[in-house]
Amino acid sequence: MTQTVMKIDDLHLSFPVSRSLLDVVQRKPGKAVNALNGVSLELQQGETLGVVGESGCGKSTLARCIVRLYEPTSGEIHFDAENIFGAAARKDRSYNRRVQMMFQDPYSSLNPRMTTGDILAEALRVHQMRPEAEIAGRVAELLELVRLPQDAVDKLPHEFSGGQRQRIAIARALAVEPEVLIADELVSALDVSVQAQVVNLLLELQERLQLTILFVAHDLRLVRHVSNRVAVIYLGRIVEIGDSETLFSAPSHPYSQALLSAAPSLDPDDKGAAIQLEGELPSPLNVPPGCPFHVRCRHVTAQCRTVIPELRALEGRGEVACHHAEEINHHA
Amino acid sequence: MADHPILEVENLCTTFSRGGTALPAVRDVSFALGKGQVQGLVGESGSGKSVTLRSILGLARHYGEVSGSVRWQGQELTTMSERQLRKIRGREIAMIFQEPMTSLNPLLTVGTQLTETLKAHTDLGRRARRDRAIEMLDHVGIPAAASRLGEYPHQFSGGMRQRVMIAIALAASPKLLLADEPTTALDVTIQAQILDLILKLADEMSMGVVLVTHDLGVVAQTCDTVSVMYAGRVVEQGDVRQVLQTPRHPYTEGLMRSVPQDVPPRTQLYSVPGTPPSLFSLPKGCAFAPRCQAAGKACQTARPSLQDIAPGRQTACFNPLPATQEDAA
Ligand SMILES: Nc1ncnc2c1ncn2[C@@H]1O[C@H](COP(=O)(O)OP(=O)(O)OP(=O)(O)O)[C@@H](O)[C@H]1O
Ligand SMILES: Nc1ncnc2c1ncn2[C@@H]1O[C@H](COP(=O)(O)OP(=O)(O)OP(=O)(O)O)[C@@H](O)[C@H]1O
Ligand code: SF4
Ligand code: SF4
Ligand SMILES: [Mg+2]
Ligand SMILES: [Mg+2]
């Protein structure tokens, strides 16, 4: 029986852009970066939902909303059936422990003056995970878990390589035994062998602890490997979501098709058949009307320029936000 | 391959010290790079890739001890004065750092950081610098570049910051690009666009490139040659096809096997067993021995040196994996 642990409903977030003096003089209206434009999704207990999409499409913004680093302009996020931005949930600190985020840039999220041991011990103390006497032992366990040598305890973040720092961040997140893990580019800085170890670790912990994982990454092979379901985001909107294997073997949205076709092959002689995206790169400052992908889409019609396509179920596939999904995939 | 290398690295060693103990971060790295050639650098995290790049650029000597030789167009960089080096850095040799957030100045707008670089390294006038800045942001795929020049790094997404770094590095048309994980934070479409841009510059401007990446797909698609590093040393190097398709060093083979390809979804992936050694207490013999399935007795006591095993192909292993028929022929 699947159980929804988190429900995200029509999330919007725009960041105001500071106006230049010229704009003010010319009385141009203030602009805004529309980072999220109506994201809705549900996380099922124990699943991994992969999130992929163009850089700047809003993946980290979504992740940051989930851990309440950003407050959405509108829309709601429910965890355990409670709105996390509501007054009651705000006071409840346990949410901060139960939903943990691992950041894209581990260096800036680790205190440069604290040793690894202090960083982990602090996390354990803040959330009172262990009595004082057991902290040292638990720190050693955590280092073991992420396969850092035990002498890492007294080292400062700058003494580690990028990948090693990433593992410290993972250990810190796991220290507080969360239920939901938000992994934003968690393994991107790791070599493939360590990536494999971390992925194995996540899969194993997920099984053992029924962890729910939101896995944001650019490495499509990896996302395909770890995810049960995958969401493709384009300009702050989900354009396709569904079962991972189905989506990767037969992407239905024209953007998903282009994205998947660009993954670099391991064979130097296989130059691939990347679908070239034409047209202007999209800007969240100026989201096109209608289908946000229409300026780059090969299948664009008049309807696409004015009407926003809604996400809808497509026979034998997941949900797709494209007016012409049927025709496009019929020919494919 | 070019007969006249523009960059020759020979027996490069970089040592840090901590509490009186020496930390051998890079040991005896040697390679040569021809004009327009793209050389990949892969290996375990902590194996010394970033330190190698920093040592080439003369940055590591400020906090570590560097020995060996780095010849750039015939000039020795390791002994060059800081003043002379500064003229080369950014102008002839540019570097893209691994962590874009820490290498961009958070207090300056993106536009200022780009135009300042151009001011330092080119003769362009004010107007031309601004145009060039917009052009570069455009090249690296930052939409609405002109209207985002006035923004600060924190207002950009991770991948956008990385693209800004790339734009800054390429703005002055360097002859050598040292790129540390330049595309890891980028989606594959933008990654393809940036790698194309780098390849185009390599080709048209004869820019040499040393590219550090974890993505073996990126190596396969962009590099001519590749070096695999483990615990500070190059364990295998050569033509990219040969190294990826018939790895001879057990560690390289382990890397290739770890890629999630042709494995059932959500199953355990292969990963090289064990953990990398601490640089403070490296094994006496081959550094990979504790994790190596092919390790024999000799491996415990002696360290294999990097040997030619085929034309342009080297490996450091007492028991290299068999070459395929193709190689043997
Ligand atoms: N400034 C420094 N002081 C002391 N030790 C350092 C310093 N910089 C790096 N090291 C150490 O040198 C070794 C090599 O680090 P380096 O950053 O080159 O690894 P890397 O191969 O780039 O790894 P990654 O893939 O994780 O980025 C590591 O053990 C690291 O801890
Ligand atoms: N604090 C902020 N202030 C202003 N704009 C912001 C801020 N944070 C993010 N943005 C903008 O919101 C958009 C989405 O950014 P976000 O970081 O969510 O992208 P992303 O999908 O995570 O990209 P990447 O793959 O590059 O990490 C971008 O245009 C970015 O510039
Ligand atoms: S709705 Fe139209 S423009 Fe948008 S993806 Fe579908 S066909 Fe292309
Ligand atoms: S030298 Fe020995 S231990 Fe080292 S990689 Fe080769 S077989 Fe393995
Ligand atoms: Mg991001
Ligand atoms: Mg590095």
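Since this is a predicted model, take the numbers as computed values, not measurements. Every chain is numbered from 1, with letters handed out A, B, ... down the list of sequences.
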Quick check on Ser278(B) against chain A: is it the side chain, the backbone, both or neither that has a heavy atom closer than 4.5 Å? side chain
Non-hydrogen atoms of chain A under 4.5 Å away: do they reach the side chain of Pro264(B), the backbone, both or neither? backbone
Please look at Leu220(A) and chain B and tell me whether the side chain, the backbone, both or neither of the residue comes under 4.5 angstrom of a heavy atom of that chain. side chain
Is Lys155(A) close to Arg18(B) at the side-chain level, that is, under 4.5 Å between some pair of heavy atoms? yes
Measuring heavy-atom distances to chain B, does Val52(A) have an atom under 4.5 Å in its side chain, in its backbone, in both, or in neither? neither
Working to the nearest 0.5 Å, report the span between CD1 of Ile233(A) and CG of Asp187(B). 12.5 Å
The interface call for Ala258(A) against chain B, heavy-atom contacts under 4.5 Å, is backbone
Do you know which two heavy atoms are closest between Met160(B) and Gly56(A), and how far apart they sit? SD-CA, 4.2 Å
Closest non-hydrogen atom pair between Ser265(A) and Ala220(B), with its separation: O-CB, 3.5 Å
Can you tell me which portion of Tyr270(B) sits under 4.5 Å from chain A's heavy atoms? Options are side chain, backbone, both or neither. backbone
Among Val240(B), Leu244(B), Thr189(B), single out the residue with the greatest number of heavy-atom pairs under 4.5 Å to chain A. Thr189(B)
Would you call Ser45(B) and Arg167(A) a side-chain contact if the rule is heavy atoms closer than 4.5 Å? yes
Sub-4.5 Å side-chain heavy-atom contact between Asp269(A) and Gln245(B): yes
Taking the side chain from Gln221(B) and the backbone from Asp267(A), do they hold a donor-acceptor pair closer than 3.5 Å? yes
Does any non-hydrogen side-chain atom of Pro264(A) lie less than 4.5 Å from one of Val188(B)? yes
For Gln150(A), check side chain to side chain donor-acceptor pair (under 3.5 Å) against everything at least two apart and list the hits. none
Between Leu269(B) and Val199(A) the two heavy atoms that sit nearest each other are CD1-CG1, 3.9 Å
Could you have a look at Val272(B), Leu186(B), Val259(B), Thr184(B) and say which one has the most heavy-atom pairs with chain A under 4.5 angstrom? Leu186(B)
Chain A contact via Thr222(B) - side chain, backbone, both or neither, heavy atoms under 4.5 Å: neither
Largest heavy-atom contact set with chain B, pairs under 4.5 Å, which of Asn228(A), Leu285(A), Asn286(A): Asn228(A)
Where on Phe16(B) is there a heavy atom nearer than 4.5 Å to chain A: the side chain, the backbone, both, or neither? neither
Considering all heavy atoms of both residues, which atom of Arg221(A) and which atom of Pro260(B) are nearest to each other, and what is their separation? CD-O, 3.6 Å
Distance-only, no hydrogens or angles: does the His225(A) side chain make a donor-acceptor pair with backbone N or O of Thr267(B) under 3.5 Å? yes
Against chain A, label Arg257(B) side chain, backbone, both or neither, depending on which of its atoms sit under 4.5 Å from a heavy atom there. neither
Gap between atom CD of Gln268(B) and atom CG of Leu203(A) - 0.5 Å precision: 6.0 Å
Shorter than 4.5 Å, heavy atoms on both sides: which option in Leu23(B), Thr183(B), Thr213(B), Leu255(B) has the most such pairs with chain A? Leu255(B)
Between atom CZ of Arg163(B) and atom OG of Ser55(A), what is the distance when rounded to the nearest 0.5 Å? 4.0 Å
Heavy atoms from other residues, nucleotides or ligands near CD of Glu144(A) exceed 12 (cutoff 6.0 Å): no
Per-residue contact mode, Ser261(A) against chain B (heavy atom under 4.5 angstrom): neither
Shortest non-hydrogen separation from Ser193(A) to Ser271(B) and the atoms involved: O-CB, 3.5 Å
Please check if atom CD in Glu207(A) has more than 12 non-hydrogen atoms from other residues, nucleotides or ligands closer than 6.0 Å. no
Show the nearest heavy-atom pair for residues Ser227(A) and Arg266(B), with the distance to one decimal. O-CD, 3.8 Å
Going by side chain to side chain contact (heavy atoms under 4.5 Å, CB included), name the residues that satisfy it together with His214(B), two or more places apart in sequence or in a different chain. Asp191(A), Lys49(B), Glu181(B)
Region of Glu245(A) that comes under 4.5 Å of a non-hydrogen atom in chain B: side chain
Residue pair Gln261(B) / Arg224(A), side-chain donor-acceptor N/O under 3.5 Å: no
Tell me which of these, Gly254(B), Ser147(B), Ser50(B), Gly217(B), has more heavy-atom pairs under 4.5 Å with chain A than the rest. Gly217(B)
